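A quick note: this is a predicted structure, and the numbers were derived from the prediction, not measured. Atoms within a ligand are numbered from 1 in the order they appear, just like the ligands themselves. One is the number of the first residue; the rest follow in order along the sequence.
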Amino acid sequence: MRQWWRDAVIYQVYLRSFADSTGDGIGDLGGLRRKLRHLVDLGVDGLWLNPCYPSPQHDHGYDVADYRDIEPAYGNLDEHARLLDEAHDAGLRVLMDLVPNHCSTDHPWFQAALKAAPGSPERERFLFREGNGDLPPNSWKSSFGGPAWTRVPDGQWYLNLFDSSQADFNWRNPEVAEMFDDVVRFWFDRGIDGFRIDVPDSMIKQKDFRDHDGSRRVNPYTHGQPELHDIYRRWRRIAESYDQTRELSFVGEIWTGDMDHLAASLTDDELHQAFYFDLLLQPWDATDVRRSLENANGVLRAGRSLAWVLNNHDVWRTPSRYGGGELGLRRAHAAALLMLALPGTAYVYQGEELGLPEVVDLPDQARQDPRWIRSGGTDLGRDGCRVPLPWTPDPPTFGFSTAKSSWLPQPDWFGAYAAAGNPTLRIYRAALAARRTVFPAGGEIAFLETGRDDVLAFRRGNAVSVTVFGGDAYELPAEWGSVVAASAEVTGAVPAATTVWLSAA
Ligand code: NOJ
């Protein structure tokens, strides 16, 4: 079986900011349906929809109030069915976002827990604990800043590893696992092709709620607990109970530096794939990038499948991360081709194909990310990579909406990145088309000797990818083949901040 998910290119749709069809300044399913052609022309194999379930939107959908419906501002289940049909007709797979670690405090289960007494079965679905006097039960911190505990009127505290509007489930309670079995089946029955899973690594917490001294970046008591494997196996069994030709798949959002742990979650009876985030943490430096890829190679060698990613709705966009301006954009193009040459699936985040930089100067009053709010404005948060897309050069919303403004304000210069005639888009389209024929599926990354610290080259099959990070132009060895794709114009030697693909076939 081909296992499409092993070497696909998936386009990440942050629906709220993709395209608005109703004129309220908020993206929706109708807007996505109208623009599906953009994805087809780009040449991707599928799309991943960020959470689009009913939600009070404190964390823009990662606070789910109902797992089996569509947020009214985005459409409804019929509209979702139409999207699925049209995407499938266009040859695109559709992944939904499964958010099992926590739900919105508006979710009926949490509302029932609030009304019920300490120790009740309703509270047992979440992680309610007594505090230490007036202090929270332990020292765990929220990823968004501040304590991971919120107090309720009767004095108990509930755990929230993210915003206090997102209550962590108690995954040691079988009712929780059963509820998610149903949710997974609900969407598989409706015809989706798989799930991206939100922070799966945190679903199980260490039993005694031991204090975390804060000395390590990742709290070991809220990540990577052994019982997680039971949950992965349970979901895999559900996926495999469907018609095998559908090849339903799960990709886990697992932020970890522990490659053995990552590999252990990707066995044949657990998750199909996980994101490899280490690459997006690297600066524009050949040595750092090589080290990161070498680190991933062990997982690939063991036959596990990785999903590569440089941009998503949680991180600064690549052109800004790599220094900003023309040079930052040029490096982002080079990084994109490097990523697209790697063995595995690649994720492209909406706007990445337009070369959008981070919007760093959003007005304070416009910012909405709970990270901004909970940090008292010391952490700018993630709004800058979530600004609605520019489709045309025309203000006020650049083709995003017929409204006068969009839910997050677009800067005046956004029109310069509009889709029509966009140079980054041309590079992405050409690279995606070439990728299919140039590189074989799977395998590992075989590094080639370049004689330089600032030039990174690797072979896959008959093809070679070469990235010149900095320094002088690099003369390509003739035996590597001829250039079949490039992130910038190359006439002879490869200039700095450029990736080329060569094929000897
Ligand atoms: C990871 C998601 O990508 C992020 O956007 C969200 O805030 C957290 N998980 C919490 O759900």
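Taking the ring axis of W372 as reference, the NZ or CZ atom of R367 stays within 45° of it and closer than 6.0 Å to the ring centre. A cation-pi arrangement, defined by a distance under 6.0 Å to the six-membered ring centre and an angle within 45 degrees of its axis, is present between R16 and W407. The side-chain tip of R125 points at the ring of W109 from less than 6.0 angstrom away and within 45° of straight on. Relative to the six-membered ring of F144, R371 misses at least one condition, a distance below 6.0 Å or an angle of at most 45° to the axis.
When heavy-atom distances to ligand 1 are checked against a 4.0 Å cut-off, R196 comes that close only through its side chain, counted from C-beta outward. Contacts with ligand 1 closer than 4.0 Å are made by no heavy atom of R371, backbone or side chain. Contact annotation for E253 and ligand 1: only side-chain heavy atoms (C-beta onward) come within less than 4.0 Å of the ligand.
When only non-hydrogen protein atoms are considered, atom 8 (C) of ligand 1 lies nearest to F162 CE2, 3.8 Å. Counting only heavy atoms of the protein, atom 3 (O) of ligand 1 lies nearest to D314 OD2, 2.5 Å. Protein heavy atom nearest atom 9 (N) of ligand 1, with residue, atom name and distance: D198 OD1, 2.8 Å.
The R386 neighbourhood of ligand 1 comprises atoms 5 (O), with distances under 4.0 Å to a heavy atom of that residue. Residue H102 approaches ligand 1 through these ligand atoms, each under 4.0 Å from one of its heavy atoms: 10 (C), 11 (O). Near R382, with a cut-off below 4.0 Å to any heavy atom, the atoms of ligand 1 are 4 (C), 5 (O), 6 (C), 7 (O). Those atoms of ligand 1 with a heavy atom of D59 less than 4.0 angstrom away are 6 (C), 7 (O), 10 (C), 11 (O). Of all atoms in ligand 1, numbered sequentially from 1 with element shown, those under 4.0 Å from a heavy atom of F144 are 7 (O).
Taken to the nearest 0.5 Å, the CZ atom of R291 stands 13.0 Å off from the CG atom of L279.
With ring centers used as reference points, F250 lies 6.0 Å or more from Y232.
For the ring-ring contact (aromatic ring centres under 6.0 Å, His included) with F126, the qualifying choice from Y158, F169, W171 is F169, the only one to do so.
The side-chain contact (heavy atoms from CB on, under 4.5 Å) check on A431 picks up L337, L340, W501, with sequence neighbours excluded.
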